[in-house]
Novice: 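Dumping the structure here so I can ask a few things about it.
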Amino acid sequence: MTFGTPWWVPPLLFFVAALVQASFLPSLGFVAVRPDFVVQSVIIWAVLRGVREALLWAFAGGLVLDLFSGGPFGTATLALLIVAFFASVGELRLLSSNVILPVLAVFWGSVLYSAIFLFLLATHEYNVAWLGTFREVVVPTALVNTALAPATYWLLARLERRTRRTVPVEW
Amino acid sequence: MLSSPSPNPLAWLTVFVALTIGATFANSRHLLDVPRSVAAQALAPLQTGASRLGHAIAGAASGWQELSRLRRENEALRRTVEELLQETVRLRSAELENRELREQLRYAEGHRADAPLPAEVIGFDSSTLLGYAIVNRGSDAHLEDGMTVLTPAGLVGRIVSHTPRTSTVLLINHPSSAVNAVIQGSPGATGLVVGRPDGRLLMRYIPQAETVRVNDLVVTSGLGGAFPRSVPIGRVVHFETRDIDMFQEVIVEPFVDFRKLGHVLVMTGFTPTKL
C-alpha cells in the first residue's frame, strides 16, 4: 500500500474550499454568483472514488458548511450526503477518467443539492421562493460550478491518483 | 490496481444520515452549543483574514477599474458639455432627493447616541441559498439576538444568533426576512418588506387606497417592535396596482449594496420587543 499524499490533504482542501466560498469570495464584492466549491468537490470525489469515500467526505464537508452557515444545522450535511450518494451509485466511476461525465454530474448534482437544501429549509418553516430562487440563484450557481468543474476535476483527479491505495495482486 | 468491493451503499447512506439527524437533534437540544461556539471562535480569525484578503484584492481591482472608468467618463463628459444644461433639471430633483436622504442620515446620526457599535463583516453564509452575514462582534461586545444592524446608507438586517466573538445577521434581502415598513410621507402606506431571490425587496400588503410612486422612500415603520422606526430601507422602483387585489405590491431597491458589505453598525441601544 502506498500513499503519495498525506491523508489530511483532502479534508484540508474541503475546509479551505468552505472558507474561500464563505469569506474570501463574498468580500471581493464583484462576484455576483458564488461557486459552491465544497459541493462540486464532493460530487467529483464521489465519481472518482465511489460511494464509501463520497459519503464520508460529504458528511465532513457538510458539517464544515453547516459550521459556516447561519441556517438550520445539518441541512447542508443531509443535502450533500444524498447528492454524494446519487453521484456515486450510478456506476459513473467506470467512466471517471472522462472529464465530461463528472462535469455533467456537477451540474445536476448542484441543482439536486439546492433543491434538497431548499426543501429542508421549507420543512424548517423558512420562507422559500422556489421559482425565483431557482432562476436567480440555483441555476446560475450550478452553471458556475459546471464551468469551474474541469479545473476542480483536474486538481482532484491528481490528488486522487496520489492518494490511491494500491493492493498487490496475489497469485 | 484493485479496489475492494464496497458494502451496500444504502447501508452507508443510512449510517451517515442517522449521524446527521443525530447531530441536528443534538444541536436543537443545544448540546452542540459549546463545540460550535469554540469552532466559531477558532474560525473567526481565519474568516477575518480571508475576508480582509478579499477586500484588499477587491480594493486593488476596483482602483484599477475606477481609473479606467474615470478616463472613459472624462472622455464622455468632454463630448457632452452641451447636455449639462439638461442635466441641471435632473440635478435639481437629485438635490431634493439628497435633502431627504440627509434627513434619513441625520436620523441615523441621532441613533449613534444609542451606542452604535461598529463591526466588520467577516463572511457570508456558506450557502448561496441563505442570506446571512457573519460579523466579528458577539456577546463579548454585549451584542444580543434581535439587535438591528445598519450602515449609514440604510437597514442591513438583524442579529439572529451569536457566539462570544461573532454574530450571525439575517439580511433583509433574503426571502426569510420580514420587516414592517412604511412609505415615507404616507403614514397609511404600511406594509411588509421581504427579500427576493434577485436581491431586491418586495413590499407587500400596502392598502389599495394609498398612492405609491416610483422613487418613494421606504423606511421601517417600527410596528411590531423588531426594528426602530424610520430607518431607511430603500427606494420604490416599480409598483403594481390591480383593482382585483386587496393590496398593492412594490419592488424596492435597497439602499445598502449587500454585495459590498464591509463595515456595519449594530444598534446596541435599541432593544427589540420580543412578542
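Since this is a predicted model, take the numbers as computed values, not measurements. A, B, ... follow the sequence lines: proteins, then strands. Residue 1 opens every chain.
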Novice: Under a 4.5 Å cutoff for heavy-atom pairs, which residue among B:Thr168, B:Thr20, B:Thr48 has the most contacts with chain A?
Specialist: B:Thr20
Novice: Pick whichever of B:Ser177, B:Gly199, B:Ser176 has the most heavy-atom pairs under 4.5 Å with chain A.
Specialist: B:Ser176
Novice: Output the option from B:Ile21, B:Val194, B:Asn27, B:Leu32 having the highest count of non-hydrogen pairs under 4.5 Å with chain A.
Specialist: B:Asn27
Novice: Identify the residues of residues 65-75 of chain A whose heavy atoms come closer than 4.5 Å to a heavy atom of chain B, ordered by number, or report 'none'.
Specialist: A:Leu65, A:Asp66, A:Leu67, A:Phe68, A:Ser69, A:Gly70, A:Gly71, A:Phe73, A:Gly74
Novice: When only pairs under 4.5 Å are counted, which of B:Leu19, B:Ile134, B:Asp198 shares the most heavy-atom pairs with chain A?
Specialist: B:Asp198
Novice: Return the option, out of A:Val39, A:Leu63, A:Leu78, A:Val38, with the maximum number of heavy-atom pairs under 4.5 Å with chain B.
Specialist: A:Leu78
Novice: Testing the basics here: between B:Leu13 and A:Leu55, what is the closest heavy-atom pair and its distance to 0.1 Å?
Specialist: N-CD1, 3.3 Å
Novice: Given side chains that start at C-beta, do those of B:Ser127 and A:Phe117 come closer than 4.5 Å, heavy atoms only?
Specialist: yes
Novice: Once rounded to the nearest 0.5 Å, what's the spacing between atom CZ of B:Phe124 and atom CZ of A:Phe24?
Specialist: 14.0 Å
Novice: Return the option, out of A:Asn127, A:Thr141, A:Val137, with the maximum number of heavy-atom pairs under 4.5 Å with chain B.
Specialist: A:Asn127
Novice: Please look at A:Ala129 and chain B and tell me whether the side chain, the backbone, both or neither of the residue comes under 4.5 angstrom of a heavy atom of that chain.
Specialist: both
Novice: Where on A:Phe15 is there a heavy atom nearer than 4.5 Å to chain B: the side chain, the backbone, both, or neither?
Specialist: side chain
Novice: Taking side chain as everything from C-beta outward and backbone as N, CA, C, O, which of these in B:Val17 sits under 4.5 Å from a heavy atom of chain A? Side chain, backbone, both or neither.
Specialist: both
Novice: For atom CZ of B:Arg165, decide whether the heavy atoms of other residues, nucleotides or ligands shown that lie under 6.0 angstrom number more than 12.
Specialist: no
Novice: Name the region of B:Ile122, side chain, backbone, both or neither, that has any atom closer than 4.5 Å to a heavy atom of chain A.
Specialist: backbone
Novice: Relative to the ring of A:Tyr126, is the ring of B:Tyr132 parallel (under 30°), tilted (30 to 60°) or perpendicular (over 60°)?
Specialist: perpendicular
Novice: What's the separation between atom CZ in B:Arg259 and atom CZ in A:Arg34, rounded to the nearest 0.5 Å?
Specialist: 12.0 Å
Novice: Evaluate the side-chain contact (heavy atoms from CB on, under 4.5 Å) criterion for residues A:Leu56 and B:Trp12: first the C-alpha distance (whole Å), next the side-chain angles of each, then the deciding distance (0.1 Å), finally the verdict.
Specialist: CA-CA 9 Å; A:Leu56 180 65; B:Trp12 281 106; over 6 Å; no
Novice: List for me each residue that meets side chain to side chain donor-acceptor pair (under 3.5 Å) alongside A:Ser110, sequence neighbours excluded, and say none if there are none.
Specialist: A:Asn145
Novice: Let's test your reading of the structure: which of B:Ala56, B:Ala23, B:Ala50, B:Gly131 forms the most heavy-atom pairs below 4.5 Å with chain A?
Specialist: B:Ala50
Novice: Can you tell me which residue among A:Val128, A:Asp36, A:Thr133 is in a side-chain contact (heavy atoms from CB on, under 4.5 Å) with B:Leu129?
Specialist: A:Thr133
Novice: Is it the side chain or the backbone of A:Leu131 that comes within 4.5 Å of chain B heavy atoms, both, or neither?
Specialist: neither
